[in-house]
Amino acid sequence: MKLLKPIDINKFLQGKEENIPENKTLTDILDKIKESEKIAIFTHESPDGDAIGSSLSVYLALKQIGKDPVVYIPEFPRVYEFLPAFEHVKSEIEENVVFDLAIALDCSDLARVKGKEYFENAKSTIVVDHHGTNNMFGDLNYVNSTSPACAQVLVSIFEYIEIDITKEIGTCLLTGILTDTGGFRYQGVTAETFEFAADLLRKGVDVADLSVKVLQTRTKANFELSRRIIDRLELLEDGKIAFSYMTLKDEEEVLAEPGDHEGLVDIGRSIEGVEISIFIRQKEDEDAYKISMRSTNYVNVSDICYLFGGGGHPRAAGCLIKGNVEQVKNKIVAEAKKALKEQK
Ligand code: AMP
Ligand code: MN
Ligand code: MN
């Protein structure tokens, strides 16, 4: 699958490529990469498989073309530690470092970027993303909201600029696609998703092994949390809304690590008749909850989260709301009920 006429990235970087890309943003992105020495890669807080797979694949791709980027992911979920290049991930950056170029992946706005102070201070910034709510916060923005994963946007870019998609890069990319599509199941999966996946499999990526590692296996703490979440789950509005929550105390008691809350919102959505699943998780500052919302068929949960300063995708979105469990629940459930009535 080629977006446009491919170019030879190595020739381009050396100024020998005659076949200049027809896509202006991509040309500008390549120019920026070419002229930048100190490059850093950033992604969103509480990184998921797409955030991590995208970041590691860009790290490996930049290495391949002779750059030496920093990839900054301070909270790295243990389940992804098997991925290639994990050993190069930085959990700290020296204070006051100014990067020539900062690249944000899988982030819809600046507030989502973990390490945003470095991103903001960089001389140039690039955003590659797939959120419909992306507000184009980079100097250069390559955003495709019809792509079900940021990693899928990257496959199209890499194929276009003829990065050699090695088994390692392919493994990172397929991790992003598999996790953001729930294993090719969610709305948003396109024919291209399968075509790209087929390309990656041809590179030797082991889809069965990857699926076991990133989709099927859960940590013990995640399992313990899911027991509590099931116990507390309420069905509202005639069973169309599922609500559950988790506190910092729960996390302490089950010895939760970063990423251990992943997938818990799906428990509510899996129940027959549920259209909206709401799962809220207490934040470290205690007086706020991170909202995760999923819908099954028709409600646009991104629109609901947008009302609270968040965003995401039509069937998966998030935001932050201040207050205790009851207050936060009342606010978000009220909007969910409205959406159910309006969007039927
Ligand atoms: P989550 O429920 O955290 O898995 O997030 C679901 C989707 O919504 C992901 O695509 C996130 O990138 C997006 N999302 C989550 N929280 C926010 C937020 N505060 N602002 C914008 N997008 C968000
Ligand atoms: Mn993500
Ligand atoms: Mn994503």
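Side-chain atoms are counted along with the backbone in the values below, which use heavy atoms only and exclude waters and symmetry mates. Numbers for residues simply follow the sequence, beginning at 1. Read the numbers this way: they start at 1 and go in the same order the structure lists the ligands and their atoms.
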Distance, nearest 0.5 Å, that separates CG of D250 from CZ of R281: 12.0 Å

For S108, the ligand 1 atoms whose distance to one of its heavy atoms is below 4.0 Å: 21 (C), 22 (N)

Main-chain N/O of K240 paired to D238 side chain as donor or acceptor, under 3.5 Å: no

Atom 3 (O) of ligand 1 [closest protein heavy-atom partner, distance rounded to 0.1 Å]: K290 NZ, 2.7 Å

Metal check, the Mn ion (ligand 2) vs D180 N/O/S, cut-off below 2.8 Å: no

side-chain contact (heavy atoms from CB on, under 4.5 Å) between I73 and S55, worked out: CA-CA 9 Å; I73 312 178; S55 301; 3.9 Å; yes

Identity of the nearest option to atom 7 (C) of ligand 1, non-hydrogen atoms only, from G132, A316, G309: A316

Under 3.5 Å donor-acceptor, D180 side chain and G176 backbone: no

Presence of salt bridge, K329 and E234, under 4.0 angstrom: yes

C150 near the Mn ion (ligand 2) via N/O/S, less than 2.8 Å: no

Salt bridge flag under 4.0 Å for residues K249 and E252: no

Centroid-centroid under 6.0 Å between F76 and F86 rings: yes

Ligand-residue contact atoms, ligand 1 with H313, heavy atoms, under 4.0 Å: 10 (O)

Where ligand 1 meets A317 - atom numbers and elements under 4.0 angstrom, heavy-atom basis: 2 (O), 6 (C), 7 (C), 8 (O)

Close approach, R112 and ligand 1, non-hydrogen under 4.0 angstrom: yes

Within-shell test, R294 vs ligand 1, heavy atom, strictly < 4.0 Å: yes

Contacting atoms of ligand 1, where contact means under 4.0 angstrom from a heavy atom of C319: 16 (N), 19 (N)

Closest protein heavy atom (residue, atom, distance) for atom 23 (C) of ligand 1: G311 O, 3.4 Å

Nearest non-hydrogen protein atom, atom 9 (C) of ligand 1: H131 NE2, 3.9 Å

Residue G312 vicinity, atoms of ligand 1 by number, heavy atom under 4.0 Å: 8 (O), 13 (C), 22 (N)

Residues, nucleotides or ligands: over 12 heavy atoms within 6.0 Å of K32 NZ: no

Geometry at the Mn ion (ligand 2) - D48 OD2 versus H44 NE2 angle, rounded to 10 degrees: 100°

The Mn ion (ligand 3) - closest N/O/S atom in D50: OD2

Shared hydrophobic cluster, V325 / M246 (ILVMFWY, side-chain heavy atoms < 4.5 Å): no

Under 3.5 Å donor-acceptor, R185 side chain and G182 backbone: yes

Salt-bridge present (D287, K322; N to O < 4.0 Å): no

For atom 17 (C) of ligand 1, closest protein heavy-atom neighbour: G318 O, 3.3 Å

N, O or S atom within D106 nearest to the Mn ion (ligand 2), by name: OD2

Ligand 1-proximal atoms of S292, by part, heavy-atom distance under 4.0 Å: both

